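All figures in this text were calculated on a predicted structure; none of them were measured in a lab. Note that the numbering runs from 1 along the sequence shown for the chain.
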Amino acid sequence: TFTRSSPRPAASPGRASAGGMQLDAAQPGHLDRHPPDLTARIQGAIGLPVSHRSMIHVWDSELIRKVLHASDNFRVFLHPNATAILGPKNIAFMHGPDHAALRKALIPLFTRRALAAYLPIQEGLIRRAFADWLAQPGAATVPEPIRFRIRDLNIATSTEVFVGAYMDDAQRAAFNANYLAVTLGFLAFPIALPGTALWRAIQARKAIVRTLKDFAAQSKARMRAGEAPRCLLDFWMEAIVPEIDAAAAAGEPAPPHSSD
C-alpha cells in the first residue's frame with residue numbers, strides 16, 4: 001500500500017496517489033514523467049480514501065516493481081509506530097543505492113545451498129510440534145484454539161533458521177516475550193512514554209538487537225575458523241567476513257552493514 005500524507009478530497013476518476021506524489025490525469029505533465037504503461041495501470045488501480053490519506057492498492061508484482069522504481073517520491077507507508085519500534089535505519093525505511101547495496105549483500109542468504117540448509121530445520125521442527133500436539137490428552141476429541149501453538153511454532157522455526165544453535169532455551173524464551181511486546185506495540189497508541197505499550201516495544205527491540213549482535217560476533221568467529229554454516233546468520237557472515245578481512249588488510253573501511 002502506498003500513501004501520501006497531505007489531505008485531499010475523496011478519490012475521483014483519473015486520480016490516484018502513491019508515496020508523496022498525487023497522480024492526477026487532469027494536470028498536464030503530472031503523469032508524463034512515468035512510462036505510459038505505468039501511467040495507464042496506476043490510473044486503473046483501486047483508489048481508496050482513508051481518513052486524511054488516499055491509497056492505491058497494487059497486487060501485481062510487475063506493477064509494484066515499476067511503481068517503486070518510477071520516482072523517488074514513492075515511499076512504502078508502514079504503521080505510524082513503525083519508525084519508533086523498528087528504528088529509522090531499518091531496511092523497511094531504506095531506499096536508493098544504500099538499499100540496493102544491502103539487498104545485494106543479502107543474496108547469499110537465499111541461494112539453493114542456503115535454502116537446502118533451512119528446509120530440514122523447518123520440517124523437523126514442524127513434524128515434532130505436530131507429534132507433540134497429537135500426543136496431548138484429548139487431542140483427537142477436544143477442540144482447541146491453534147493460534148498460540150502456531151505462533152510458538154513460528155517463533156521456533158524462525159529463530160532456529162535465523163540464528164540456530166547460538167540461541168539457547170532461555171534466550172529463546174526472552175526473544176519470544178520481546179517479539180510479543182514488539183507486536184503489541186503496533187497495536188498501541190503512538191505515544192512512547194515509559195510504561196506504555198509502545199515504550200515497551202522499543203525496549204524489546206533494543207534487547208533483541210543486543211542479543212543478535214552477540215550472535216553475529218559468534219558467527220563471525222565460527223566462519224573465520226572455517227566451520228560450516230548452520231543457519232541464515234552463518235551464511236551471511238560466511239559471505240561478508242572475507243570482505244571485512246580484505247578491507248582491513250588493505251587499510252580500508254569495512255564494507256557497509258558489516259558490523260556486529
Side-chain angles (χ1 to χ4, degrees), residues 61 76 78-79 82 85-87 89-94 99-135 146-186 201 204-244 255-260:
S61 59
V76 177
L78 300 180
H79 190 280
I85 295 174
L86 302 177
K89 295 183 179 180
N90 188 278
I91 189 173
F93 308 117
M94 296 174 63
H99 185 213
L102 179 55
R103 287 169 52 198
K104 183 178 180 180
L106 298 179
I107 290 176
L109 281 59
F110 305 103
T111 62
R112 289 189 177 184
R113 173 171 167 254
L115 294 175
Y118 308 153
L119 292 177
I121 296 172
Q122 293 176 314
E123 182 177 359
L125 288 169
I126 292 169
R127 289 184 180 277
R128 287 196 294 273
F130 282 9
D132 179 63
W133 298 347
L134 293 173
I146 200 170
R147 173 187 172 189
F148 295 106
R149 289 189 180 275
I150 291 296
R151 180 186 176 278
D152 290 344
L153 176 58
N154 181 49
I155 290 289
T157 54
S158 297
T159 55
E160 193 67 22
V161 166
F162 291 169
V163 297
Y166 298 114
M167 180 175 284
D168 59 30
D169 291 341
Q171 290 169 321
R172 185 169 285 105
F175 184 93
N176 198 336
N178 286 326
Y179 188 83
L180 178 59
V182 167
T183 301
L184 295 176
F186 283 101
R205 182 255 300 170
K206 292 178 179 178
I208 290 172
V209 169
R210 287 194 296 269
T211 300
L212 294 179
K213 282 183 177 179
D214 180 53
F215 295 163
Q218 293 182 50
S219 179
K220 285 177 179 177
R222 286 192 68 253
M223 296 303 99
R224 283 195 173 98
E227 298 186 36
R230 302 178 300 186
C231 59
L232 182 148
L233 182 59
D234 284 346
F235 281 103
W236 192 359
M237 296 304 103
E238 182 187 49
I240 205 166
V241 160
E243 298 181 13
I244 296 173
H257 311 293
S258 62
S259 67
D260 296 345

Quiz item: Which residue pairs satisfy the salt bridge (Lys or Arg N to Asp or Glu O under 4.0 Å) criterion with at least one member in residues 156-168, sequence neighbours excluded?
Solution: Glu160-Arg172
Quiz item: Is the backbone N or O of Phe215 less than 3.5 Å from a side-chain atom of Ser219, with the two atoms forming a donor-acceptor pair by type?
Solution: no
Self-check item: Residues that Pro242 engages under side chain to side chain contact (heavy atoms under 4.5 Å, CB included), provided they are two or more places apart
Solution: none
Self-check item: Distance-minimising heavy-atom pair for Leu102 and Trp236
Solution: CD1-CZ2, 4.5 Å
Quiz item: Could you give all pairs that pass the side-chain hydrogen bond (donor to acceptor under 3.5 Å, both in side chains) test and reach residues 221-233, with sequence neighbours left out?
Solution: Tyr166-Arg222, Arg222-Glu227, Arg222-Asp234, Arg224-Asp245
Quiz prompt | Between CZ on residue Phe235 and CG on residue Leu109, distance to nearest 0.5 Å | solution = 9.0 Å
Practice problem: Apply side chain to side chain contact (heavy atoms under 4.5 Å, CB included) to Phe186 and list each qualifying residue two or more places apart in sequence or on a separate chain. | Solution: His79, Ala82, Ile85, Leu86, Val182
Quiz item: Only one of Arg210, Lys213, Lys220 clears salt bridge (Lys or Arg N to Asp or Glu O under 4.0 Å) with Asp260; which?
Solution: Lys220
Exercise. Check whether any side-chain heavy atom of Ile91 sits under 4.5 Å from a side-chain heavy atom of Leu106, and report yes or no.
Key: yes
Quiz item: With sequence neighbours left out, which residue pairs that include part of residues 107-126 fulfil the side-chain hydrogen bond (donor to acceptor under 3.5 Å, both in side chains) condition?
Solution: Arg113-Glu238, Glu123-Arg127
Quiz prompt | Rounded distance (nearest 0.5 Å) linking atom CG of Leu233 with atom CE of Met167 | solution = 10.5 Å
Practice problem: List for me each residue that meets side chain to side chain contact (heavy atoms under 4.5 Å, CB included) alongside Ala129, sequence neighbours excluded, and say none if there are none. | Solution: Trp133, Leu153
Quiz prompt | Approximate separation, where rounding is to 0.5 Å, of Lys89 NZ and His257 NE2 | solution = 10.0 Å
Quiz item: For Pro108 and Ala114, which heavy atoms make the closest approach, and how far apart are they?
Solution: O-CB, 3.7 Å
Exercise. Flag the pair Arg128 / Asp132 as yes when at least one side-chain heavy-atom distance between them is below 4.5 Å, and no otherwise.
Key: no
Quiz prompt | Reported OG1-to-OH distance for the pair Thr159 and Tyr179, which is rounded to 0.5 angstrom | solution = 11.0 Å
Self-check item: Heavy-atom pair with the smallest gap, counting every atom of Cys231 and Gly164
Solution: CB-N, 3.7 Å
Practice problem: Measure the CZ-OG1 distance between Phe162 and Thr157 for me, rounded to the nearest 0.5 Å. | Solution: 8.5 Å
Self-check item: From Asn178 atom CG to Thr183 atom OG1, the distance as rounded to the nearest 0.5 Å
Solution: 10.5 Å
